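Every heavy atom of this structure was used, including side-chain atoms; hydrogens, water molecules and symmetry mates were not. Because the structure is predicted, anything quoted here is derived from the model rather than measured.
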Amino acid sequence: MKALVYEGPLDVKIKDVPDARIEKPTDVLVRITTTNICGSDLHMYEGRTDMESGRVLGHENLGEVIEIGQAVDRVKIGDLVCLPFNISCGFCENCERGLFSYCLTTNPEPRMAGAAYGFADMGPYSGGQAELLRVPYGDHNCLILPPEARDNQADYVMLSDIFPTGWHSTELAGLLPGETIAIYGAGPVGLMAALSANIKGASKIMVVDRHPDRLALVEKFGGIPIDDSKGSPVDQILEHTGGLGAHRGAECVGYQAHDPQGHEHPNMTLNNLVNSVRYAGSIGVVGVFIPQDPGSPDDLYRKGEVVFDYGMFWFKGQSMGTGQCPVKRYNRKLLNLIREGRAKPSQIVSHELSLDQAPEGYSHFDKRDMGWTKVVLHPDGHR
């Protein structure tokens with residue numbers, strides 16, 4: 001099969017690799033029709049993780065079931081399915097608690113919890129930027145889509161990761177109707193956080209970024225764009241909230257946060273949020289942070305540590321929720337929002353490309369080239 005293979009930093013290639021296949025009776029084999037390039041893929045693409053060369057990337061996947069294992073009961077050949085980026089078993093202690101992103105059985109590393117497709121340190125599973133994908137525990141992990149999804153895949157593929165992850169940031173933050181929220185990052189996840197906050201009835205949604213194309217999308221989702229290249233984002237948020245700060249905050253950037261001058265600060269958005277959120281407010285962190293980053297320009301963050309303004313965080317009585325999104329906790333409900341026309345996450349999509357064009361898509365998306373806000377790939381050649 002044809003697949004996008006990670007060769008090394010800034011080097012991905014389309015190659016012929018062995019076909020994905022059924023390996024266990026609980027597996028499902030999916031012919032991928034739509035798969036996305038995610039901001040999290042860029043950490044690996046840039047060589048900022050310990051991703052092994054030769055791995056197939058891609059964790060935002062949708063496609064048609066073409067084969068099922070003998071133990072698969074619910075999923076049928078011909079079903080169109082969206083796959084959570086988390087690979088979970090459904091029966092371990094954490095899965096029974098709804099913590100699907102911290103499954104205790106799917107990652108063979110004994111000190112790790114949680115697995116994902118085509119992702120560093122998240123198990124040996126190949127990604128879906130390919131023609132075929134093996135899905136473990138298919139009955140549990142496949143979200144079966146309605147018939148109309150075949151002609152609207154750009155919306156439904158967002159259920160694999162970024163729409164649930166944006167929603168999760170508002171859940172971690174404890175957002176309630178009528179409250180204000182400050183979101184740092186107007187990339188795909190930050191925009192989905194704004195969409196989620198709008199659906200939840202937030203009274204004011206402020207989204208911080210500096211890229212004009214991303215800030216222009218903020219208004220589509222009911223948010224107020226905050227351009228941090230034109231002044232302190234904290235001051236701008238305080239001005240919008242009568243000097244009190246937002247009730248809630250969402251970190252949708254992660255450890256490669258940059259200031260307007262282009263310098264990297266892994267602690268920048270965390271500390272800005274402490275100062276942007278009011279006393280007794282709360283913060284949800286879904287931007288990726290990793291245990292070590294040898295490529296970091298920050299001496300502390302090479303060991304996974306940041307200079308965090310804990311004194312102010314404590315003094316303000318704030319709380320913080322963190323971690324990867326348990327996609328299955330939300331994806332059925334969010335599917336209904338798409339199906340009934342309440343949510344159209346595909347508004348962030350700027351480019352739909354063939355799989356052969358994936359290296360080009362990675363290069364443009366990584367450089368934050370103007371207009372490249374979200375890239376969708378179609379391994380089957382259809383759009």
Side-chain angles (χ1 to χ4, degrees), residues 32 34-45 57-62 82-87 100-101 116-119 122 127-129 143 145 149 152-173 181 183-200 205 207 209 211 213-214 217-218 220-223 250-254 256 284-288 322-335 337-338 342-352 361-362 365-366 368 372-377:
I32 296 297
T34 303
T35 178
N36 302 337
I37 300 176
C38 179
S40 298
D41 290 326
L42 300 181
H43 300 305
M44 293 174 284
Y45 176 72
L57 295 174
H59 60 271
E60 298 187 8
N61 305 309
L62 181 153
C82 186
L83 296 320
F85 80 88
N86 323 116
I87 303 173
F100 305 108
S101 45
Y117 302 101
F119 210 93
M122 299 297 288
Q129 289 168 7
L143 176 68
L145 300 176
N152 190 17
Q153 295 186 28
D155 274 319
Y156 286 93
V157 72
M158 303 306 169
L159 294 169
S160 61
D161 181 354
I162 61 167
F163 190 11
T165 295
W167 190 276
H168 188 53
S169 73
T170 66
E171 291 284 303
L172 290 173
I181 185 169
I183 300 167
Y184 275 75
V189 170
L191 292 170
M192 292 300 96
L195 170 61
S196 302
N198 195 8
I199 292 169
K200 287 184 169 190
I205 303 163
V207 186
D209 208 291
H211 297 279
D213 51 348
R214 294 181 170 187
L217 287 171
V218 169
K220 284 190 174 183
F221 296 110
E251 203 289 341
C252 301
V253 179
Q256 287 186 256
V285 182
V286 295
V288 172
T322 70
Q324 287 188 341
C325 170
V327 171
K328 276 185 60 68
R329 187 185 297 177
Y330 310 118
N331 62 359
R332 289 182 186 276
K333 296 177 182 178
L334 300 185
L335 180 153
L337 290 173
I338 295 173
R342 292 288 310 283
K344 191 167 182 58
S346 65
Q347 290 182 91
I348 66 171
V349 174
S350 58
H351 294 78
E352 296 191 54
Y362 264 88
F365 191 45
D366 182 61
R368 310 297 193 273
W372 288 77
T373 54
K374 183 66 174 179
V375 181
V376 174
L377 306 173

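Interatomic distance, CG of Leu83 versus CG of Asn331, reported as 10.0 Å (0.5 Å rounding). From Glu171, atom CD reaches atom NZ of Lys200 across 3.5 Å, with rounding to the nearest 0.5 Å. Atom CE of Met122 sits about 12.0 Å away from atom OH of Tyr117, to the nearest 0.5 Å. The CE atom of Met192 sits 12.0 Å away from atom OG1 of Thr170, with the distance rounded to the nearest 0.5 Å. The distance from atom CG of Leu195 to atom CG of Leu191, rounded to the nearest 0.5 Å, is 9.0 Å. Annotation: the span from Phe163 atom CZ to Cys325 atom SG amounts to 11.0 Å, rounded to 0.5 Å.
Ile37 and Gly361 make their closest contact through CD1-C, 3.9 Å (heavy atoms, listed as atom of the first residue, atom of the second, distance). Smallest separation of non-hydrogen atoms from Cys252 and Val286: SG-CG2, 4.0 Å. Across all non-hydrogen atoms, the minimal contact from Ser160 to Cys82 is N-SG, 3.4 Å. A pairwise comparison of heavy atoms in Ala154 and Glu352 identifies CB-OE2, 4.4 Å as the closest pair. Taking each heavy atom of Ile199 and Ala343 in turn, the nearest pair found is CD1-CB, 4.0 Å. Nearest heavy-atom pair, Ile162 versus Pro188, reported as atom, atom and distance to 0.1 Å: CD1-CB, 3.8 Å.
Every residue two or more places apart in sequence or in another chain that forms a side-chain hydrogen bond (donor to acceptor under 3.5 Å, both in side chains) with Glu251 is listed here: Thr269. Partners of Arg368 according to the side-chain contact (heavy atoms from CB on, under 4.5 Å) rule, which considers only residues two or more places apart in sequence or in another chain, are Leu42, His211, Arg214, Asp366. Every residue meeting the side-chain hydrogen bond (donor to acceptor under 3.5 Å, both in side chains) condition with His59, not counting sequence neighbours, appears here in chain and number order: Asp41, Asp161. Looking at residues two or more places apart in sequence or on another chain, you find a side-chain contact (heavy atoms from CB on, under 4.5 Å) between Ala173 and Arg248. With sequence neighbours left out, Lys344 forms a salt bridge (charged side-chain N to carboxylate O under 4.0 Å, His left out) with Asp155. Residues meeting the ring-ring contact (aromatic ring centres under 6.0 Å, His included) test with Tyr362, sequence neighbours left out: Tyr45.
In this structure, the side chains of Leu145 and Leu62 come closer than 4.5 Å at one or more pairs of heavy atoms. You'll find the side chain of Ile183 stays beyond 4.5 Å of the side chain of Phe221, heavy atoms only. Put simply, the side chain of Leu335 reaches to within 4.5 Å of the side chain of Tyr156, judged on heavy atoms. The closest side-chain heavy-atom distance from Phe119 to Ser40 is below 4.5 Å. Side-chain contact check for Leu217 versus Gln347: every heavy-atom pair is 4.5 Å or farther apart.
Each of Thr35, Asn36, Thr34 was evaluated against Glu60; a single residue qualifies, Asn36, per the side-chain hydrogen bond (donor to acceptor under 3.5 Å, both in side chains) test.
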query = Where do Ser101 and Gln324 land on the side-chain hydrogen bond (donor to acceptor under 3.5 Å, both in side chains) test, with the steps shown first?
reply = CA-CA 6 Å; Ser101 45; Gln324 287 188 341; 5.4 Å; no

inquiry  = side chain to side chain contact (heavy atoms under 4.5 Å, CB included) for Asn86 and Lys328? Distances and angles first, verdict last.
reply    = CA-CA 8 Å; Asn86 323 116; Lys328 276 185 60 68; over 6 Å; no

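Not one N or O on the side chain of Asn198 forms a donor-acceptor pair closer than 3.5 Å with the backbone of Gly223. Looking only at distances, no side-chain donor or acceptor of Ser169 sits under 3.5 Å from a matching main-chain atom of Gly284.
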